[in-house]
There are 2 protein chains.
Amino acid sequence: MEDQEIRKAGLKVTAPRLKILELLEKCGERHVSAEEVYRLLLADGEEIGLATVYRVLTQFEAAGLVERHKFEDGYSVFELNRGEHHDHIVCVTCGKVEEFLDETIEQRQREIAAERGYEIGDHSLIIYGRCRDSECPNRSKK
Amino acid sequence: MEDQEIRKAGLKVTAPRLKILELLEKCGERHVSAEEVYRLLLADGEEIGLATVYRVLTQFEAAGLVERHKFEDGYSVFELNRGEHHDHIVCVTCGKVEEFLDETIEQRQREIAAERGYEIGDHSLIIYGRCRDSECPNRSKK
DNA sequence: CAGGAAATGAGAAGCTTTCGCATGCGCTGG
DNA sequence: CCAGCGCATGCGAAAGCTTCTCATTTCCTG
Ligand SMILES: [Mn+2]
Ligand SMILES: [Mn+2]
Ligand SMILES: [Zn+2]
Ligand SMILES: [Zn+2]
């Protein structure tokens with residue numbers, strides 16, 4: 001199962017790597033920080049080091065298995081690469097993150113890059129706003 | 001001249017603040033880091049502390065005089081707020097930054113936020129790509 | 001199953017940014 | 001024009017996140 005994804009990435013199959021990958025799968029569309037991955041695994045009784053979490057997440061990112069985002073809080077959050085690109089809208093009050101994909105925007109971006117002679121790579125689009133959730137009015141993340 | 005902008009922000013007119021504002025004006029559309037502002041002022045013979053540069057830039061940002069961006073290099077860059085919003089396209093090879101504004105994209109963003117019940121604040125859109133400049137093939141920033 | 005390479009954990013260190021504090025300076029009102 | 005208060009400054013220390021170093025362990029091939 002996950003063994004193959006790790007091998008395909010040219011990495012040895014080890015307990016930390018398996019556990020991190022499983023955890024990210026369980027997280028679904030949630031965006032977790034390295035610190036959070038670390039604490040969740042510790043809480044699960046795993047023996048793992050924070051440095052390993054960072055290393056593995058970076059390797060997974062390089063292999064295209066996970067994506068890293070920076071939502072102007074100063075630290076990175078990660079999510080499994082589900083193969084379909086999306087952008088994010090973040091509530092600056094409660095920290096909630098929703099995903100969206102707008103083909104009009106995607107298309108305009110390609111055009112803008114082309115117009116200016118850029119070979120387009122990827123992009124980062126984050127909308128900041130305030131949601132209208134009952135449970136919103138305050139929370140902290142990480 | 002600049003005195004007024006600083007006073008309007010509710011800040012005392014001091015040498016560091018004047019120098020930083022002047023320097024940002026000279027920078028035009030260039031995006032400079034706090035460290036860079038600091039070094040440029042030192043090179044100009046100014047006596048200034050790095051902490052002051054950070055403090056002043058943060059105050060200017062709060063006052064709406066400057067904008068702060070994070071182009072995933074891990075540090076912030078600043079530019080004078082010229083009153084008209086724009087987004088950025090960054091060359092991942094040479095670090096060049098160009099600005100653009102696309103009303104179609106702006107409009108779609110407002111619609112997306114509205115559809116999901118968000119009171120929209122601002123947003124960050126950065127396109128990463130490779131430019132086709134002769135002088136491009138490698139440079140480092142900061 | 002042995003040997004060599006790759007991975008791990010723990011702590012140190014790196015980098016950007018902020019803080020704390022003693023000193024200095026801008027500004028108001030006298 | 002000046003005195004005095006309070007904001008601003010510079011410096012070094014420290015914070016917060018991330019990466020590095022290195023001794024030790026684990027994986028994997030043969
Ligand atoms: Mn996402
Ligand atoms: Mn700009
Ligand atoms: Zn909210
Ligand atoms: Zn370039």
Side-chain angles (χ1 to χ4, degrees), chain A residues 2-21 23 31-42 44-63 65-78 140-142, chain B residues 1-21 23 31-39 41-42 44-63 65-78 140-142:
Chain A
E2 293 100 351
D3 294 34
Q4 295 318 311
E5 312 206 60
I6 295 175
R7 282 217 179 74
K8 208 182 306 172
L11 302 167
K12 282 188 186 175
V13 177
T14 65
R17 284 173 181 157
L18 279 172
K19 295 302 176 188
I20 291 173
L21 201 46
L23 186 146
H31 302 79
V32 289
S33 67
E35 178 80 27
E36 200 168 357
V37 168
Y38 172 61
R39 285 193 281 97
L40 287 172
L41 290 180
L42 281 192
D44 252 31
E46 296 303 322
E47 184 180 303
I48 195 170
L50 180 55
T52 300
V53 173
Y54 273 105
R55 261 185 312 236
V56 169
L57 286 172
T58 301
Q59 293 160 341
F60 283 0
E61 184 191 14
L65 285 177
V66 315
E67 291 190 332
R68 178 197 305 252
H69 306 291
K70 290 188 176 166
F71 297 146
E72 78 180 32
D73 297 278
Y75 57 87
S76 300
V77 293
F78 302 83
S140 52
K141 300 206 1 169
K142 183 184 184 181
Chain B
M1 17 203 253
E2 294 99 352
D3 295 33
Q4 295 318 312
E5 311 207 61
I6 295 175
R7 282 218 178 73
K8 208 182 306 172
L11 302 167
K12 283 188 186 176
V13 177
T14 64
R17 284 172 182 158
L18 279 171
K19 295 303 177 189
I20 291 173
L21 201 45
L23 186 144
H31 302 78
V32 288
S33 68
E35 178 80 28
E36 200 168 358
V37 168
Y38 173 62
R39 285 193 281 95
L41 290 180
L42 281 192
D44 252 32
E46 297 303 322
E47 184 181 303
I48 196 170
L50 179 56
T52 300
V53 173
Y54 273 105
R55 265 186 308 237
V56 169
L57 286 172
T58 301
Q59 293 161 340
F60 283 0
E61 184 192 15
L65 285 176
V66 314
E67 290 189 333
R68 177 198 305 252
H69 306 291
K70 292 188 175 167
F71 298 146
E72 78 180 34
D73 297 277
Y75 57 87
S76 299
V77 292
F78 302 83
S140 50
K141 300 206 4 175
K142 183 180 180 185

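Chain letters run A, B, ... following the sequence lines, proteins first, then strands; residues in each count from 1. Treat the numbers as computed from the prediction; the structure is a model and nothing was measured. FYI, side chains are in, hydrogens and waters are out, and symmetry mates aren't considered; it's all heavy atoms of this structure.
Side-chain contact between B:Glu5 and B:Leu65 is present, with heavy atoms from C-beta onward closer than 4.5 Å. Taking 4.5 Å as the limit, some side-chain heavy atom of B:His69 sits within range of a side-chain heavy atom of B:His31. Put simply, the side chain of B:Val37 does not reach to within 4.5 Å of the side chain of B:Phe78, judged on heavy atoms.
Here the C1' atom of nucleotide D:dC11 and the CG atom of B:Leu42 are 13 Å apart, to the nearest Å. In this structure, the CG atom of A:Leu57 is 11 Å from the P atom of C:dT8, given to the nearest Å. Between the C1' atom of C:dT17 and the CG atom of A:Asp73 lies a distance of 15 Å, rounded to the nearest Å. If you measure from atom OH of A:Tyr75 to atom P of D:dT18, you get 9 Å, rounded to the nearest angstrom. The interatomic distance linking B:Ile6 (CD1) with C:dC25 (P) rounds to 17 Å, in whole Å. Taking atom CG of residue B:Leu18 and atom P of nucleotide C:dG26, one finds them 10 Å apart after rounding to whole Å. The distance between atom CD1 of A:Ile48 and atom P of C:dA10, rounded to the nearest whole Å, is 10 Å. The distance from atom CD of A:Glu47 to atom P of C:dA7 is 19 Å, rounded to the nearest whole Å.
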Review point. Which letter, B, S or -, goes with each nucleotide of nucleotides 19-28 of chain D from 5' to 3', with contact meaning a protein heavy atom under 4.0 Å?
Key: BBB-----BS

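In terms of phosphate contacts, B:Ser76 brings a side-chain nitrogen or oxygen within less than 4.0 Å of OP1 or OP2 of C:dT17.
Rounded to 10°, the angle separating the first-five-pair axis and the last-five-pair axis of the helix from C:dC1-D:dG30 to C:dG30-D:dC1 equals 30°.
For B:Tyr38 and A:Ala34, each mapped to the nucleotide of DNA chain D holding its nearest heavy atom, the one lying further toward the 5' end belongs to B:Tyr38.
Distance CG/A:Leu57 to CG/A:Leu21: 10.0 Å, rounded to 0.5 Å. Residue B:Leu41 holds its CG atom at 5.0 Å from CD1 of B:Ile48, rounded to the nearest 0.5 Å.
Of the possible polar contacts, one joining the A:Arg17 side chain to the A:Lys12 backbone as a donor-acceptor pair under 3.5 Å is found. Checked by atom type and distance alone, the side chain of A:Arg68 never pairs as donor or acceptor with a backbone atom of A:Thr58 at under 3.5 Å.
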Exercise for review: Test side chain to side chain contact (heavy atoms under 4.5 Å, CB included) on B:Val66 and B:Ile20 and set out the steps.
Suggested key: CA-CA 11 Å; B:Val66 314; B:Ile20 291 173; over 6 Å; no

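A side-chain hydrogen bond (donor to acceptor under 3.5 Å, both in side chains) check over residues 44-54 of chain A, counting only residues at least two apart or in different chains, returns the pairs A:Thr52-A:Arg55.
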